[in-house]
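Beneath this line is the structure, given in structure tokens, with notes to follow.
Convention: sequence-line order gives letters A, B, ...; per-chain numbering from 1.
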Amino acid sequence: MEIIVNGIEERFEFATESFYLQPTEIVAQKLIGSIFRIFNKEQNQNVLLRIVETEAYLSYDDKASHSFRGKTPRNSAMFDKGGILYVYKIYGIHHCINVVTEAEGFGSAVLLRAMECVETTIDFPGNAFRGPGKLAKTLGFTTQDSGISLLGETYSLLLPTTNVPFRTTKRIGITKSEELSLRFCLQGSQFVSVDWKKK
DNA sequence: GCAAGGATCTAA
DNA sequence: TAGATCCTTGCC
């Protein structure tokens, strides 16, 4: 599938289930530069968003991960097989969207933090996808959408066929396992979320 | 700089 | 059942 990104035609391929079953750090890295596709046949809506910022949350030794204390009603989607969405509410106000990774029972996911609109039939405000909370709000995702498949017709991911340069940094907004460098950003992108607290 | 805001988990 | 915590944002 050819998609024009910033005036350049690039080739993408649909992510299959095996993609999501890879180690979480790998999935988080490969998601940089890939396209999140929302296709609604009935409403004739098509949205293509390029992912420019992600964070990995591991199934072990990661105290910042929701899965660290085991499976609960809230995080159960995280323990399902990779290839679905895990949506949770944070600070009682915002929602955050994660892509569940690895095999069933692992409890790992990749947080989508920022995206860039590539193509859409809907009008969105300019900064609508910069930051995890805004991103979820703009797309209208709530905890009700936790568990949605990324392998269906409506929601899918398109992977670039060429290597995408990315930056690795520490994660944002967490107080545990802060030292882990599990945040990935598209090199040179103006669309990554701003980290106010960091040096 | 910090409050809003509510679900969720933990400890009692 | 009460109290702390929280992968944020847009106010002041």
> Is it true that the side chains of Thr168(A) and Ser181(A) contain a donor and an acceptor less than 3.5 Å apart?
Replying inline: no
>> Under 4.0 Å, heavy atoms only, any strand: does Gly92(A) hit a base, just the sugar-phosphate, or nothing?
In response: base
> When we call it a touch if two heavy atoms are under 4.0 Å apart, what does Lys63(A) touch: a base, just sugar-phosphate, or nothing?
Replying inline: nothing
> Between Arg171(A) and Glu55(A), is there a side-chain N and carboxylate O pair less than 4.0 Å apart?
Replying inline: no
> Is the phosphate of dG10(C), meaning OP1 or OP2, less than 4.0 Å from a side-chain N or O of Lys134(A)?
Replying inline: yes
> Taking the inter-plane angle between the rings of Tyr86(A) and His66(A) on a 0 to 90° scale, is it parallel (under 30°), tilted (30 to 60°) or perpendicular (over 60°)?
Replying inline: perpendicular
> Taking the side chain of Ile90(A) as heavy atoms from C-beta outward, which of dT5(C), dT10(B), dT8(C) is closest to it?
Replying inline: dT8(C)
>> Closest approach to the side chain of His94(A), judged atom by atom: which nucleotide of dC7(C), dT9(C), dC6(C) is it?
In response: dT9(C)
>> Going by purine N1 to pyrimidine N3 plus the second Watson-Crick contact, or the G-U wobble pair, all under 3.5 Å, which nucleotide sits opposite dA4(B)?
In response: dT8(C)
> Taking atom types as modelled and ignoring hydrogens, do the side chains of Arg113(A) and Ser193(A) form a donor-acceptor contact shorter than 3.5 angstrom?
Replying inline: yes
>> Can you tell me which nucleotide in dC9(B), dG6(B), dC7(C) comes closest to the side chain of Tyr88(A)?
In response: dC7(C)
> Of all the choices, dC7(C), dC6(C), dT10(B), which nucleotide is nearest to the side chain of Arg113(A) once you look at every atom?
Replying inline: dC7(C)
> Among dC9(B), dG5(B), dC7(C), which is the nearest nucleotide to the side chain of Ser65(A)?
Replying inline: dC7(C)
> Hey, which of these two, Thr143(A) or Tyr91(A), hits DNA chain B nearer its 5' end, going by closest nucleotide?
Replying inline: Tyr91(A)
>> If you only use heavy atoms from C-beta on, which nucleotide in dG6(B), dC7(C), dT10(B) is closest to the side chain of Lys89(A)?
In response: dG6(B)
> Mapping Lys137(A) and Lys176(A) onto DNA chain C by nearest heavy atom, which one lands closer to the 5' end?
Replying inline: Lys176(A)
